[in-house]
Amino acid sequence: MSEKCRQCQGEVWDELDFIARISRNLLAGEDIDSILRRVLNELSEHQKYKRGMISLFNRKAGSINIKDAYGVTPEEQARGIYYPGEGITGEVVETGSSIMVPRIRKDRRFLNKTGMSEDLLDSAFICVPIRTGHQIIGTLSAVRDNPDTKGDAEFLRGDERLLQIVASMIAQAAQVSRSREEENMQQMREQLRDEESGQLKPPNIIGNSKVMQPVYQMISKVAPAASTILILGESGVGKELVAEAIHYASTRSDRPFIKLNCAALPESIIESELFGHEKGAFTGAVSLRKGRFELAQGGTLFLDEIGEIGLGIQAKLLRVLQEREYERVGGTETLKADVRIIAATNKNLELKVRDGEFREDLYYRLNIIPITVPPLRERKTDILLLSDFFIEKYNRLNRKDVHRISTPAIDMLTAYHWPGNVRELENSIERAVILSEDSVIHGYHLPPSLQMADPHFKDQPYAGTLQQKLDSIEYEMIVEALKFTRGNLSRAAERLGLTNRMMGIRAKKYGIDFKAYRRASGLSPGSDEEDESYTA
C-alpha cells in the first residue's frame, strides 16, 4: 500500500473515531445544553476551529439565537440574534442549504453581529442547517483558518460534509430531548391540576418551610383567575418559578408561557420586544416580527424586573392593561391582547412611584394581587432539600457521584445569610460538586464567603494562611470521625490514626464536645476513660 493510501486510510479512521465520540456524547442521557456544549468542544478540538456555534430557530419568537458556542463570550453570544433571511445564518434557516464562505470579509451577507475581531475576518465560515424531517430547527456553524489556495471551495467541502453529519446527529438528540421535556411538562400540568391530592406545593418548587406555605396557598387561589399578578422578592428567590407554577395551574396552561427580562434590554429594544414591529419600521427591521404580547396570545406573559422599564414604555404597557389592545412598532393595525400578565420585581415600586420613576396608575394596575417570595435566610429548613436537589442536578451534568454533605459543611450552609438567595446556593453547590473527590461535600469545597460563616472559624477564613487552611480541614475531619463513630472518642482516634491523648488535645483545641455526638445518637454520655483523655 502506498504512503498516500495509508495516509488517506488514517484520515478516514480518524474521522470515524471522531464521529463515534460525538455519537457517545449525544447518547450520554444528559440534558440537551450539556450535550451541545460537549459536542462543540469535541468538534472544535478535532478540527482546530477558532469558533463553533449552534443556533436554534425559535418559531414562536421568529428569531434565531445562539444556543451554545465555542470561542464566543457570553456578551457576543447574546448579540447573535438573527431572523430568517437575515445574514448567512438566517439565509441557511430560510433556504435549508449550506453556505461556505472562504473569506469572511469578502462576503456582504456576513453581518458580524457578535462583533468578531478584525483578525478573524480573513478566516473561512461554514454554516449548515440542522433539520428534523422537512423542518429547519437551527444551524451549526464554524470559523476556521483557510490557507491561501486556489481551491478554497474544495478545501471547505470536507468541513461542510463533516458538519452536516454532526448536524444530523444533533437534530436527533434535540428531538429526543424535546419529547422528554413535553412529557415532563405534561406531568407537571397534571400534578398542578390535581385538586384532590391535597398537595398545595407546586412540583416545580422545592421546599416545605412554614414561610413558603402562604406562597403555595396564594398560587393555588390565584391560578384559576385571570387577574394580573405582581411577584415581589429579592433577586434569586425564585420569582420565575412562582410565575410558571401559576401559569401551569391555570386554565391557560395549554397556551404559551412567554418570558421577558426587562432589565436585560435597553429601552429602545423593549418596545419592539413587547409589541413587535413591521417590516421597515426602523433600520434593521428587515421583516415583520411578532412581539411577546402577540406570541403569548391566549396564554401568560411574564415580565421580570418590571421596575427597570422607562416611563415611555410604562405608558404603552398601561394602555395594554387597560384597553387590552396595542399596535406593532411602525404599524397601524390595532391588535387585541388576550394575555394574562404576571410581573416581578426586586425593587420597592412604592418608593419608585414616590420618586417619579414609576407611574402610579401602572403600579396600581400591576399590584392587584401581590405575592411576596421570602428570602432563603428565612427558609433555613429548605436549605438541605434545595442542596440535595442541586447535588442530583450537577451530579448528572458533571458525571459525579456526590451523595453526602459533611456536618461542618451543613453548619456553614445553615449559618450563612445568603444575600444571593437560591441562585447563590445553586452556584455554591455546583462548585462543591465539581471540587469533591470523595463523593462528599466538605466545608473546604464551599466558597470562602460560606466558610467565614462557620462560627468556629469566623476569624480564620479558609482563604487565610496555610495553618488556617490545615486547621479548617483538621476540624472537619475530627467532626466527621466523631459523627461516624457516634461520639466514641477511641474509635474516632483510631479512624484518624491518632492516640486517645492526641485526639483529646485536638478536640479541646477546637472546642468540640464529643459527648454531644453521643447524645445526638441517642446514647448516654456516660463517664469512661475517654472522658479522662479528653480533659487531660
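With a 4.5 Å cut-off on side-chain heavy atoms, L413 and W418 count as touching. Using a 4.5 Å cut-off on side-chain heavy atoms (C-beta onward), I206 and V422 make no contact. By the 4.5 Å heavy-atom criterion applied to side chains, F358 and L366 are counted as neighbours. The closest side-chain heavy-atom distance from I246 to T300 is not below 4.5 Å. When side chains are defined from C-beta on, I306 counts as touching L317, because their heavy atoms get closer than 4.5 Å. Contact of the N427 side chain with the E424 side chain is not registered, since no non-hydrogen atoms from C-beta on lie closer than 4.5 Å. Residues D382 and L385 form a side-chain contact, since some pair of their non-hydrogen atoms from C-beta on lies under 4.5 Å apart. When side chains are defined from C-beta on, M53 does not count as touching T89, because their heavy atoms never get closer than 4.5 Å.
Residue pairs meeting the side-chain hydrogen bond (donor to acceptor under 3.5 Å, both in side chains) criterion with at least one member in residues 290-299, sequence neighbours excluded: E273-R292, E294-R328. Applying the salt bridge (charged side-chain N to carboxylate O under 4.0 Å, His left out) definition to pairs two or more places apart or across chains, those involving residues 84-95 are E86-K113, E91-R109. Sequence neighbours left out, not one pair with a member in residues 202-229 passes salt bridge (charged side-chain N to carboxylate O under 4.0 Å, His left out).
Here the straight-line distance linking atom CD1 of I270 with atom CG of N261 works out to 9.0 Å at 0.5 Å rounding. Atoms OH and CE, from Y216 and M212 in turn, are 4.0 Å apart once rounded to the nearest 0.5 Å. Note that CD1 of I104 and CD1 of I88 are 7.5 Å apart. Values are rounded to the nearest 0.5 Å. Rounded to the nearest 0.5 angstrom, E333 CD and Y326 OH are separated by 9.5 Å. Separation of atoms CD1 (I341) and CZ (R324) is listed at 6.0 Å; rounding is to 0.5 Å. In this structure, L384 CG and L425 CG are separated by 9.5 Å, a value rounded to the nearest 0.5 Å.
In this structure, K400 contributes its side chain and S436 its backbone to a donor-acceptor pair below 3.5 Å. With hydrogens and angles ignored, the 3.5 Å screen pairs no side-chain donor or acceptor of N58 with any backbone N or O of S63. A donor-acceptor distance shorter than 3.5 angstrom exists from the side chain of S439 to the backbone of D401, with no hydrogens or angles considered. Under the 3.5 Å distance criterion, the side-chain polar atoms of K352 are left unmatched by any main-chain donor or acceptor of E357. Although no hydrogens or angles enter the test, the distance criterion places a donor-acceptor pair under 3.5 Å between the side chain of R131 and the main chain of G96. Put simply, the side chain of S253 never gets that close to the backbone of A249: no donor and acceptor are under 3.5 Å apart. In this structure a side-chain-to-backbone donor-acceptor pair under 3.5 Å is missing from H247 to I258. A donor-acceptor pair is defined here as one N or O able to donate and one able to accept, closer than 3.5 Å; no such pair exists between the side chain of D304 and the backbone of C262. A side-chain donor-acceptor contact under 3.5 Å links Q314 to the backbone of I309. A donor-acceptor pair is defined here as one N or O able to donate and one able to accept, closer than 3.5 Å; such a pair exists between the side chain of H445 and the backbone of H442.
The two atoms that bring G307 and L349 nearest to each other are CA-CD2, 3.8 Å, heavy atoms only. Shown here for S209 and T381, the closest heavy-atom pair between the two residues is CB-OG1, 3.2 Å. For G52 against L40, the heavy-atom pair with the smallest separation is C-CD2, 3.7 Å. Shown here for V222 and R340, the closest heavy-atom pair between the two residues is O-NH2, 2.8 Å. Scanning both residues, I391 and V402, for their nearest heavy atoms gives CG2-O, 3.4 Å. For the pair S406 and V440, the tightest heavy-atom approach, listed with the atom from each and the gap, is N-CG1, 4.0 Å.
Side-chain contact, N398 with Y394: no donor N or O sits under 3.5 Å from an acceptor N or O. At a cut-off of 3.5 Å, with distance as the only test, a side-chain donor of S272 or H277 sits close to an acceptor on the other residue.
The aromatic rings of F125 and F110 sit perpendicular, their planes meeting at an angle over 60°, well past the 30° parallel limit. Aromatic ring pairs are classed by plane angle as parallel below 30°, tilted from 30° to 60° and perpendicular above 60°; the pair F257 and F302 is parallel.
By the 4.0 Å N-to-carboxylate-O rule, E305 lies too far from K347 to be salt-bridged with it. Between K393 and E430, no side-chain nitrogen of the basic residue sits less than 4.0 Å from a carboxylate oxygen of the acidic one, so the salt-bridge criterion is not met.
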Show the atom names and distances, to 0.1 Å, of all donor-acceptor pairs under 3.5 Å that link a side chain in residues 134-141 to residues at least two apart or in another chain.
none

Please output the side-chain donor-acceptor pairs of residues 223-240 that fall under 3.5 Å, not counting sequence neighbours, one pair per line with the distance.
unit_1 : atom_1 : unit_2 : atom_2 : d
E234   : OE1    : R377   : NH1    : 3.3
E234   : OE1    : N421   : ND2    : 3.1
E234   : OE2    : R377   : NH2    : 2.4
S235   : OG     : R423   : NH1    : 3.1
K239   : NZ     : G233   : O      : 3.2
K239   : NZ     : E234   : O      : 3.0
E240   : OE2    : K259   : NZ     : 3.0

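Here P266 pairs with S268, I269 under the side chain to side chain contact (heavy atoms under 4.5 Å, CB included) rule; sequence neighbours left out.
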Test side chain to side chain contact (heavy atoms under 4.5 Å, CB included) on D338 and R252 and set out the steps. CA-CA 11 Å; D338 174 22; R252 297 171 177 262; 3.0 Å; yes
Can you list the steps and then say if E325 with R319 is a side chain to side chain contact (heavy atoms under 4.5 Å, CB included)? CA-CA 7 Å; E325 58 184 27; R319 182 201 168 196; 3.4 Å; yes
Taking it one step at a time, do I54 and I130 satisfy side chain to side chain contact (heavy atoms under 4.5 Å, CB included)? CA-CA 9 Å; I54 295 174; I130 302 173; 4.1 Å; yes
Output, in order, the C-alpha distance, side-chain angles, deciding distance and verdict of side chain to side chain contact (heavy atoms under 4.5 Å, CB included) for V320 and F275. CA-CA 10 Å; V320 181; F275 308 116; 3.6 Å; yes
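The environment of CZ in F389 is sparse: at most 12 heavy-atom neighbours from other residues, nucleotides or ligands sit within 6.0 Å.
You'll find the ring centres of Y49 and Y70 outside the 6.0 Å limit.
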